[in-house]
A.B. asks: 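Sharing a structure, written as structure tokens. Questions coming.
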Amino acid sequence: MKKIVCDGYDELSRAAADIVAEQVSRKPNSVLGLATGSTPLGLYSELVRRQSAGEIDFSKVRSFNLDEYYPISKDHPQSYNYYMRENLFSKVSFASTRLPDGNTDDPQGECAKYDSEIEAAGGIDLQLLGIGINGHIGFNEPADSYSVATYLVKLTESTLAANSRFFANGETQPVSALTMGFGAIFSAKSILLLISGQNKAPIAKRLFQGKIHTDVPASLLLLHPNVTVVIDRAADGS
Ligand code: GLP
């Protein structure tokens, strides 16, 4: 696991954009695995800026997102579909983009289809990840066992509480999600994990102990041969 420590969030976003840009210039038809949450927002605006400046071309890039709430409509402002359109897809033109369909009435069928589409695309070249304060990646929550396939997961209280700030008072927050499992994530040829902010310092510390903690899903990444962690000092505690 390679670690790049940045002074602050802006530097982290630029360092992450350098890695994405390098991937896309080396392989213009790359398959990118994309993530949501607050952490990649700076990266996405930096990618939009670089595309406007003609420094990067996404026109042949295909993307698959990690996860989506379930059930939720594509147009709900808290859906990850909406987030991706707002922050990236409406500003940068990709060859194709795909998120799990949070509105399907056949979640199992949708999950199986999602995995076969990723496989048909040749797997993911670069997977972007954030991390939950409980160590989740995508929506793979701490559990007794971890799914290889994309699946329907019930969110933990900790994740619901962490993400409740995004839902208006009185609005029903989805308690489940469709998420890539470890199969698609680990099939990625390289992984870029972003960790920012003081509230992530405890989980970052556990990750860097170099041990697989069965209650920290992100610690499984220690087994992947090509992971780069871009972290700011607040999260690194340095
Ligand atoms: C959500 C997403 C994760 C993300 C996590 C952290 O739960 N499913 O993919 O990594 O939030 O979000 P944030 O970057 O806002 O801390």
Side-chain angles (χ1 to χ4, degrees), residues 6 8-10 12-13 15-17 20 32-47 63-72 76-84 86-88 98-102 111 114 124 126-143 146-147 150-167 173-182 184-186 188 191-207 216-221 227-232 234-236:
C6 298
Y9 183 68
D10 290 348
L12 172 146
S13 300
V20 174
L32 298 183
L34 298 177
T36 52
S38 47
T39 312
L41 284 172
L43 161 65
Y44 293 152
S45 53
E46 179 63 14
L47 292 178
S63 75
F64 290 90
N65 263 75
L66 278 169
D67 48 13
E68 176 59 287
Y69 286 113
Y70 186 80
I72 202 161
H76 189 292
Q78 293 314 325
S79 75
Y80 288 164
N81 263 278
Y82 187 95
Y83 168 109
M84 290 307 300
E86 278 291 296
N87 295 302
L88 196 62
R98 177 80 157 96
L99 285 91
D101 177 5
C111 289
Y114 206 67
I124 290 162
L126 173 65
Q127 176 66 55
L128 172 66
L129 295 175
I131 186 169
I133 47 172
N134 63 359
H136 74 222
I137 52 175
F139 268 132
N140 291 282
E141 298 280 30
Y146 294 105
S147 178
T150 295
Y151 69 115
L152 176 65
V153 62
K154 196 158 168 20
L155 302 176
T156 60
E157 288 303 325
S158 143
T159 296
L160 290 171
N163 291 350
S164 65
R165 66 186 194 277
F166 299 117
F167 290 83
Q173 185 180 357
V175 295
S176 301
L178 304 175
T179 184
M180 272 184 203
F182 278 89
I185 295 172
F186 265 70
I191 292 179
L192 170 59
L193 170 61
L194 304 184
I195 314 182
S196 170
Q198 209 181 353
N199 67 332
K200 299 285 172 70
I203 197 66
K205 193 170 171 199
R206 287 201 80 192
L207 183 63
V216 180
S219 69
L220 293 174
L221 295 173
V227 177
T228 302
V229 184
V230 180
I231 185 167
D232 59 20
D236 192 46

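Numbering of ligands and ligand atoms starts at 1, following listing order. Scope of the values below: all heavy atoms of this structure, side chains included, with no hydrogens, waters or symmetry mates. Throughout, residue positions are numbered sequentially from 1 according to the sequence presented.
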A.B. asks: Does E141 approach ligand 1 within less than 4.0 angstrom via side chain, backbone, both or neither, non-hydrogen atoms only?
C.D. replies: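 For E141, there is no contact with ligand 1 at all, from either part.
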A.B. asks: What do you reckon, does R165 put a non-hydrogen atom under 4.0 Å from ligand 1?
C.D. replies: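 Right, R165 reaches ligand 1.
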A.B. asks: Please state whether the rings of Y83 and Y80 are parallel, tilted or perpendicular, taking 30° and 60° as the class boundaries.
C.D. replies: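 Perpendicular: the ring planes of Y83 and Y80 meet at over 60°.
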A.B. asks: Can you tell me if Y114 and N65 form a side-chain donor-acceptor pair at under 3.5 Å?
C.D. replies: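 Side chains of Y114 and N65: no pair found under 3.5 Å.
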A.B. asks: Please give me the minimum heavy-atom distance between A162 and I133, naming the atom from each residue.
C.D. replies: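 In terms of heavy atoms, the two residues are closest at CB-CD1, 4.4 Å.
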A.B. asks: Taking only heavy atoms of T39, which atoms of ligand 1 are found under 4.0 Å from at least one of them?
C.D. replies: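 Those qualifying, in numeric order: 13 (P), 14 (O), 16 (O).
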A.B. asks: Examine the side chains of E141 and T156 and answer whether a donor and an acceptor come within less than 3.5 Å of each other.
C.D. replies: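 The answer is yes; a qualifying pair exists.
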A.B. asks: Between T179 and ligand 1, which residue portion shows a heavy-atom distance shorter than 4.0 Å: side chain, backbone, both, or neither?
C.D. replies: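 It is neither; nothing of T179 touches ligand 1.
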A.B. asks: When you compare ligand 1 with T36, is there at least one nitrogen or oxygen pair between them that comes in under 3.5 angstrom?
C.D. replies: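 No, since none of the N or O atoms of T36 sits under 3.5 Å from an N or O of ligand 1.
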A.B. asks: Could you list which atoms of ligand 1 come closer than 4.0 Å to a heavy atom of G37?
C.D. replies: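 Listed by number with element: 12 (O), 14 (O), 15 (O).
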A.B. asks: In terms of atom number and element, which parts of ligand 1 are under 4.0 angstrom from non-hydrogen atoms of G130?
C.D. replies: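 Ligand 1 atoms under the 4.0 Å threshold to G130: 10 (O).
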A.B. asks: Rounded to the nearest 0.5 Å, what separation is found between the OG atom of S158 and the CG atom of N163?
C.D. replies: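 Atom-to-atom, S158:OG and N163:CG are 9.0 Å apart.
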A.B. asks: Examine the proximity of ligand 1 to A35 and report which part, side chain or backbone, both or neither, has a heavy atom under 4.0 Å away.
C.D. replies: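 The answer is neither.
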A.B. asks: Of the non-hydrogen atoms in L34 and S63, which two are nearest, and what is the gap between them?
C.D. replies: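 Between these two residues, the closest heavy atoms are CD1-CB, 3.6 Å.
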A.B. asks: Within ligand 1, which atoms have a heavy atom of D67 less than 4.0 Å away?
C.D. replies: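 Close to D67: 2 (C), 8 (N), 9 (O).
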A.B. asks: Could you tell me which non-hydrogen atom of A218 sits nearest to which non-hydrogen atom of L207, and how far apart they are?
C.D. replies: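 Reported closest heavy-atom pair: O-CD1, 3.5 Å.
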A.B. asks: Of the protein's non-hydrogen atoms, which lies at the shortest distance from atom 6 (C) of ligand 1, and what is that distance?
C.D. replies: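 Checking every protein heavy atom, the shortest distance to atom 6 (C) of ligand 1 gives I131 O, 3.4 Å.
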A.B. asks: Heavy-atom distance under 4.5 Å between the side chains of L178 and L99, does that happen here?
C.D. replies: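 Not touching, per the 4.5 Å side-chain cut-off.
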A.B. asks: Heavy atom under 4.0 Å from ligand 1: found in Y80's side chain, backbone, both, or neither?
C.D. replies: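 Side chain only; the backbone of Y80 stays clear of ligand 1.
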A.B. asks: What residue and atom, counting heavy atoms only, is the protein's closest point to atom 16 (O) of ligand 1, and at what distance?
C.D. replies: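 Ranking protein heavy atoms by distance from atom 16 (O) of ligand 1, first comes K200 NZ, 2.6 Å.
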A.B. asks: May I ask you to identify the nearest protein heavy atom to atom 3 (C) of ligand 1, giving residue, atom name and distance to one decimal place in Å?
C.D. replies: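 Answer for atom 3 (C) of ligand 1: G138 O, 3.5 Å.
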A.B. asks: Show the atoms of ligand 1 that are less than 4.0 angstrom away from any heavy atom in N163.
C.D. replies: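 Counting atoms of ligand 1 from 1, those under 4.0 Å from N163 are 1 (C), 7 (O).
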A.B. asks: Do the non-hydrogen side-chain atoms of L129 and V227 ever get within less than 4.5 Å of each other?
C.D. replies: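 Counting from C-beta outward, L129 and V227 never come under 4.5 Å.
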A.B. asks: What is the closest protein heavy atom to atom 11 (O) of ligand 1, and at what distance does it sit?
C.D. replies: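 The closest one turns out to be H136 NE2, 3.9 Å.
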A.B. asks: Check whether the ring centres of F166 and Y69 lie less than 6.0 Å apart, and answer yes or no.
C.D. replies: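 No, too far apart.
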